[in-house]
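In this chain, numbering begins with 1 at the start of the sequence shown. No experiment lies behind these values; they were computed from the predicted model shown. Side chains are part of it too, since the values below use all heavy atoms of this structure and drop only hydrogens, waters and symmetry mates.
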Amino acid sequence: MAEPTLHAGADPVALRTSPLAHLAERMRAAAVTGARGVTLTERPFLTMVNLRVGPASDAARRVEKALGAALPRQCGHTAASGPHTVIWLGPDEWLVLSGADGTSLTAALREALGADPGSAVDVSANRTTLELSGPAARQVLEKGCPLDLHPRAFGPGRAVTTTVGPVAVLLWQTGDDPAYRLLPRASFADYLARWLIDAMSEYRGPEVP
């Protein structure tokens with residue numbers, strides 16, 4: 001199929017194709033309902049900004065004011081304010097997920113950093129987002145994730161870098177239904193989505209005693 005042609009005056013954003021657009025129908029068809037239900041969808045084009053700054057610096061305090069949220073200080077922790085969620089990646093590194101415009105958010109964070117050491121880089125095109133939810137969502141993940149996902153160890157608001165199957169992801173639990181968001185590199189999204197679709201298939205049948 002021919003690639004879309006960008007005509008003068010056309011909006012490039014409107015012509016974007018998400019990494020998993022070709023699997024949208026397969027993901028819909030894979031949905032399972034009932035007590036062992038689970039669904040898989042893509043949430044494409046979310047704004048993601050990689051932030052580096054010293055956590056005890058004046059710049060960090062200015063960044064927190066710009067975001068309206070404190071930067072999480074521990075592995076697995078997140079903080080949310082308005083359209084922004086800040087996920088801890090390392091002692092001086094965070095990923096800001098947002099519904100806000102990426103260019104505007106990146107500019108605001110760079111302004112907050114000022115001339116102090118640090119960086120804010122729009123990495124929205126680097127990953128896509130998969131949402132896995134439903135009563136069986138945790139069991140699906142447990143087929144290929146080494147983390148202890150039991151609610152006593154991992155619950156809503158927790159986010160860590162791990163693997164699901166052979167794919168490295170940022171895994172974030174967003175709800176206690178349970179609901180998860182998985183952020184793989186865009187180039188690995190197809191493999192991960194197919195892996196999850198296959199892992200979901202057994203829940204169409206009755207539970208084996």
Side-chain angles (χ1 to χ4, degrees), residues 6 11-21 42-132 145-147 154-164 166-174 180-193:
L6 182 59
D11 181 5
V13 172
L15 297 176
R16 290 184 301 181
T17 300
S18 75
L20 294 174
E42 184 187 19
R43 303 293 183 195
F45 310 132
L46 297 180
T47 292
M48 304 182 195
V49 179
N50 183 270
L51 174 67
R52 300 294 298 265
V53 65
S57 66
D58 289 339
R61 286 187 283 275
R62 294 194 300 269
V63 164
E64 290 175 332
K65 184 176 180 180
L67 290 171
L71 297 174
R73 296 298 199 268
Q74 297 182 47
C75 177
H77 286 203
T78 66
S81 176
H84 313 311
T85 297
V86 187
I87 294 177
W88 187 96
L89 296 181
D92 66 349
E93 184 176 10
W94 296 265
L95 185 67
V96 183
L97 306 176
S98 182
D101 174 71
T103 301
S104 300
L105 176 59
T106 304
L109 292 174
R110 288 176 178 171
E111 182 178 355
L113 289 171
D116 291 344
S119 65
V121 180
D122 188 338
V123 294
S124 305
N126 192 30
R127 302 173 187 261
T128 192
T129 303
L130 281 160
E131 188 165 79
L132 186 74
C145 180
L147 291 179
F154 196 87
R158 302 282 285 177
V160 295
T161 299
T162 184
T163 55
V164 175
V167 178
V169 300
L170 181 60
L171 178 65
W172 170 29
Q173 185 169 344
T174 57
Y180 303 89
R181 289 193 177 183
L182 297 85
L183 284 67
R185 304 286 185 185
S187 56
F188 292 101
D190 177 273
Y191 188 102
L192 178 61

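- Partners of Thr128 under the side-chain hydrogen bond (donor to acceptor under 3.5 Å, both in side chains) rule, at least two apart in sequence or in another chain, are Glu42.
- Taking every heavy atom of both residues into account, Ala79 and Ala69 meet most closely at CB-CB, 4.3 Å.
- Looking only at side-chain heavy atoms (C-beta outward), Val160 and Phe154 come within less than 4.5 Å of each other.
- Side-chain contact between Leu192 and Val164: present, with at least one pair of heavy atoms (C-beta onward) separated by less than 4.5 Å.
- Considering all non-hydrogen atoms of both residues, Leu113 and Ala120 come closest at CD1-N, 4.0 Å.
- Note: Arg158 CZ to Cys75 SG = 7.0 Å, rounded to the nearest 0.5 Å.
- Checking side-chain atoms of Thr163 against main-chain N and O of Pro166 turns up no donor-acceptor pair under 3.5 Å.
- The side-chain hydrogen bond (donor to acceptor under 3.5 Å, both in side chains) test applied to Ser81 returns no partner, not counting sequence neighbours.
- The salt bridge (charged side-chain N to carboxylate O under 4.0 Å, His left out) pairs that include a residue from residues 83-106 are Arg52-Asp92, Arg52-Glu93, where partners are two or more places apart or lie in different chains.
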Kindly list each side-chain donor-acceptor pair under 3.5 angstrom involving residues 180-189, sequence neighbours excluded, with atom names and distances?
residue, atom, partner, partner atom, Å
Arg181, NE, Glu131, OE2, 3.0
Arg181, NH2, Glu131, OE2, 3.4

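- Taking OG1 of Thr129 as the start and CE of Met48 as the end, the distance is 3.5 Å to the nearest 0.5 Å.
- Closest heavy-atom contact between Trp94 and Pro55: CH2-CB, 4.1 Å.
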Please set out all donor-acceptor pairs under 3.5 angstrom arising from side-chain atoms of residues 82-90, sequence neighbours excluded.
residue, atom, partner, partner atom, Å
His84, ND1, Ser98, OG, 2.8
Trp88, NE1, Gly90, O, 3.2

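- Using a 4.5 Å cut-off on side-chain heavy atoms (C-beta onward), Thr47 and Thr106 make no contact.
- Side-chain atoms of Glu64 come within 3.5 Å of backbone N or O of Leu71 as a donor-acceptor pair.
- Distance OG1/Thr174 to CG/Leu132: 10.0 Å, rounded to 0.5 Å.
- Here the rule is side chain to side chain contact (heavy atoms under 4.5 Å, CB included) with Leu95, and of Thr161, Leu51, Thr78, Val123 only Val123 fits it.
- Sorted by first and then second residue, the pairs that involve residues 102-126 and meet salt bridge (charged side-chain N to carboxylate O under 4.0 Å, His left out), not counting sequence neighbours, are Arg62-Asp116.
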